[in-house]
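A quick note: this is a predicted structure, and the numbers were derived from the prediction, not measured. Quick note: numbers below take in every heavy atom, side chains included, and nothing from hydrogens, waters or symmetry partners.
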Amino acid sequence: MPVPVCLMGRWSVLRSVLCLHRFLFRSGAAFALSGTVFAGLAQAEDRFSIDDPFGWNELKQKWAKAGVGVSVSDAEEVWGIPRGGARPSEHYIGATTVDLTLDPARLAGMSTADGAWGTFEISAMDIRGKPFSNYPLYAFNQTSTSEADPNLRLYELAYNWHSRDNRFSLRIGKLDLSSDFMVSDTAQNFLNGSFGWPMLPSNNLYDQGPASPVASPAVRINIAFAKKWLLRLAVSDDNATGARRFTNPTDPWNQNQDPSGTKFWFGTGTFVIGELDRDVSFFGHEGTWKAGFFADTGPFPLQADPSVNRRGNWAVYMTLDHTLVKNTGEGTLKGFVRWDYTGLSDRNQIAASLDAGIVLVDPFHRKGDSLGLGFGYAAPGRYVTAQRPDGSSKSLVNEYHIELTYTWQALSWLSVQPDMQGLINPSGGVYDTISGRKVQDALIFGLHLGMSL
């Protein structure tokens with residue numbers, strides 16, 4: 001199903017909703033909605049609420065009962081680098097995601113539980129601005145999880161099914177596996193990209209791996225085989241954009257090799273990832289422990305000689321999320337640690353990476369807000385070197401980053417998040433290709449506006 005043309009521009013939320021309804025109605029998917037939607041809009045405009053603009057939540061509930069789920073999320077960010085990197089600079093990035101879910105059972109008029117026959121999902125992303133972590137920052141990790149090459153692209157296209165007791169679920173289609181694997185729930189409070197999809201897979205895999213904003217043809221299963229235990233497994237193509245080369249100086253992330261996100265490529269190798277999750281509780285403090293691995297059968301260029309490829313790659317990882325201090329009136333303190341490691345340093349830029357942090361949830365008696373302090377590092381492989389201006393080379397050292405962030409939940413659908421980051425030894429101590437000078441440690445300020453409707 002194509003994305004409606006009128007959703008491709010920067011429209012207001014209300015006009016986007018009207019446009020999406022027309023699109024669904026014309027396609028025949030929402031014939032059961034036509035009488036209720038316009039009445040809902042008319043009623044909503046008479047009782048406008050700032051916490052539910054234009055009655056959007058009520059409208060979504062009516063659509064969901066008829067078998068159509070719609071969600072819209074938007075991120076608007078401005079970033080300033082007053083010091084460091086290759087040069088001081090200012091940047092804007094933005095991303096809008098529209099997700100449509102169809103429930104065949106409800107569309108057929110059944111009143112059974114949601115998803116009795118499974119659900120179909122399609123989503124698209126409009127990415128704006130220009131990435132700046134490659135240049136002028138020269139960072140291993142991305143400053144923001146929203147940072148990507150500007151494109152209007154298909155995101156996910158999937159069929160979802162789960163058993164009645166929810167002990168088994170299946171997802172198949174074009175999938176973003178970073179939403180299921182290597183996830184730390186506590187780390188999601190931060191903006192730096194490494195707190196989402198870690199630096200090790202992002203730098204070592206084709207196209208940064210099967211992670212937003214690209215998605216790969218894949219099958220994913222979840223099995224809850226015992227109380228508090230969950231097994232996740234997925235198999236996917238390892239080259240989402242079908243890039244012909246692993247390294248592309250003019251397109252470092254290879255996202256522009258498939259700007260529309262509609263390529264289905266199976267010519268490089270297979271990516272397999274597995275994870276075991278365990279819910280734990282110590283002295284009344286709950287948490288989740290995860291351990292996993294991934295393997296890739298594709299060819300990877302050697303760091304010492306990129307003209308030579310070696311087939312195969314792998315890594316292991318561990319994630320710990322835990323409540324440290326329960327809410328005593330001043331908020332709940334949570335912490336996380338995530339570690340990634342590969343023994344194949346001959347073909348990988350990053351040999352190991354680690355992220356850790358603490359987050360105070362509902363601080364200062366403000367429900368929905370959070371205050372976080374995070375830290376991380378990436379250790380380059382021993383074969384990764386940087387070229388000096390005189391033509392000699394040197395081994396790279398660890399890159400470190402730190403982030404202090406506060407999320408203000410201004411409205412139920414709007415968050416405002418000022419952010420400050422520090423970057424030490426960008427890319428392990430590289431030199432700017434233009435000036436020839438060593439890239440400096442950077443101080444970064446940002447402001448994120450997040451909307452979810």
Side-chain angles (χ1 to χ4, degrees), residues 140-142 144-145 169 171 175-205 208-212 218 220-236 271-283 285-296 313-325 332-343 348 350-361 370 372-379 398-403 405:
F140 280 141
N141 68 301
Q142 296 173 210
S144 168
T145 53
S169 68
R171 200 159 191 252
L175 309 181
D176 169 12
L177 297 182
S178 71
S179 60
D180 292 299
F181 295 88
M182 306 183 81
V183 176
S184 164
D185 293 335
T186 307
Q188 302 304 302
N189 291 273
F190 296 91
L191 296 182
N192 188 281
S194 70
F195 294 119
W197 187 239
M199 281 182 280
L200 187 145
S202 180
N203 285 270
N204 292 353
L205 298 176
Q208 298 184 289
S212 175
R220 186 232 69 197
I221 60 172
N222 286 353
I223 305 173
F225 61 91
K227 186 178 181 180
K228 298 184 178 181
W229 288 92
L230 178 67
L231 176 65
R232 305 179 191 269
L233 291 171
V235 179
S236 79
F271 178 78
V272 180
I273 186 168
E275 181 179 288
L276 188 62
D277 298 3
R278 163 70 170 169
D279 293 333
V280 297
S281 179
F282 291 104
F283 306 105
H285 293 70
E286 298 180 345
T288 303
W289 296 3
K290 303 177 182 180
F293 76 97
F294 67 74
D296 194 320
N313 211 339
W314 63 266
V316 293
Y317 65 91
M318 178 179 62
T319 301
L320 306 178
D321 272 290
H322 222 285
T323 299
L324 303 177
V325 179
T332 300
L333 185 65
K334 297 184 177 182
F336 74 94
V337 177
R338 181 175 54 191
W339 171 78
D340 317 90
Y341 169 79
T342 179
N348 287 308
I350 305 298
S353 65
L354 180 141
D355 298 291
I358 54 174
V359 174
L360 184 61
V361 181
S370 64
L373 177 64
F375 164 83
Y377 80 87
N398 292 354
E399 175 188 279
Y400 300 91
H401 65 270
I402 189 169
E403 179 176 357
T405 192

[X] side, atom [atom1]; [Y] side, atom [atom2] - distance, nearest 0.5 Å:
| X | Y | atom1 | atom2 | result |
| --- | --- | --- | --- | --- |
| Trp339 | Ser353 | CH2 | OG | 9.5 Å |
| Phe181 | Phe293 | CZ | CZ | 9.0 Å |
| His285 | Lys334 | NE2 | NZ | 12.0 Å |
| Leu324 | Leu360 | CG | CG | 10.5 Å |
| Phe294 | Ser236 | CZ | OG | 11.5 Å |
| Phe375 | His401 | CZ | NE2 | 8.0 Å |

- Looking only at side chains, do Asp355 and Ser194 share a donor and an acceptor under 3.5 Å apart?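 Short answer, yes.
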So, for [X] and [Y], which heavy atoms are closest and what is the spacing to 0.1 Å?
| X | Y | result |
| --- | --- | --- |
| Thr145 | Gly193 | CG2-CA, 3.8 Å |
| Asp321 | Phe336 | OD1-CB, 3.4 Å |
| Leu177 | Ala218 | CD2-CB, 4.4 Å |
| Gln142 | Ser202 | OE1-OG, 4.4 Å |
| Leu200 | Ala315 | CD2-CB, 3.7 Å |
| Ser370 | Val359 | CB-CG1, 4.0 Å |

Would you confirm whether [X], through its side chain, and [Y], through its main-chain N or O, come within 3.5 Å as a donor-acceptor pair?
| X | Y | answer |
| --- | --- | --- |
| Asn348 | Ile350 | no |
| Trp197 | Gly209 | no |
| Glu403 | Asn192 | yes |
| Thr342 | Trp314 | yes |
| Asn141 | Met199 | no |
| Asn189 | Thr186 | yes |

- Task: Sequence neighbours left out, what passes side chain to side chain donor-acceptor pair (under 3.5 Å) with Ser169? Give chain and number order.
- Result: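 Arg220.
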Contacts table for residues 275-283: side-chain donor-acceptor under 3.5 angstrom, sequence neighbours left out:
{"residue": "Glu275", "atom": "OE1", "partner": "Met182", "partner atom": "N", "Å": "3.0"}
{"residue": "Glu275", "atom": "OE1", "partner": "Tyr317", "partner atom": "OH", "Å": "2.6"}
{"residue": "Asp277", "atom": "OD2", "partner": "Arg232", "partner atom": "NE", "Å": "3.0"}
{"residue": "Asp277", "atom": "OD2", "partner": "Arg232", "partner atom": "NH2", "Å": "3.3"}
{"residue": "Asp279", "atom": "OD1", "partner": "Thr288", "partner atom": "OG1", "Å": "3.2"}

- Item | Of Thr319, Asp340, Leu354, the residue whose pairing with Pro198 passes side chain to side chain contact (heavy atoms under 4.5 Å, CB included) |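 Exactly one candidate clears the test, Asp340.
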- Minimum side-chain heavy-atom gap His322-Trp289 below 4.5 Å: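 They are in side-chain contact.
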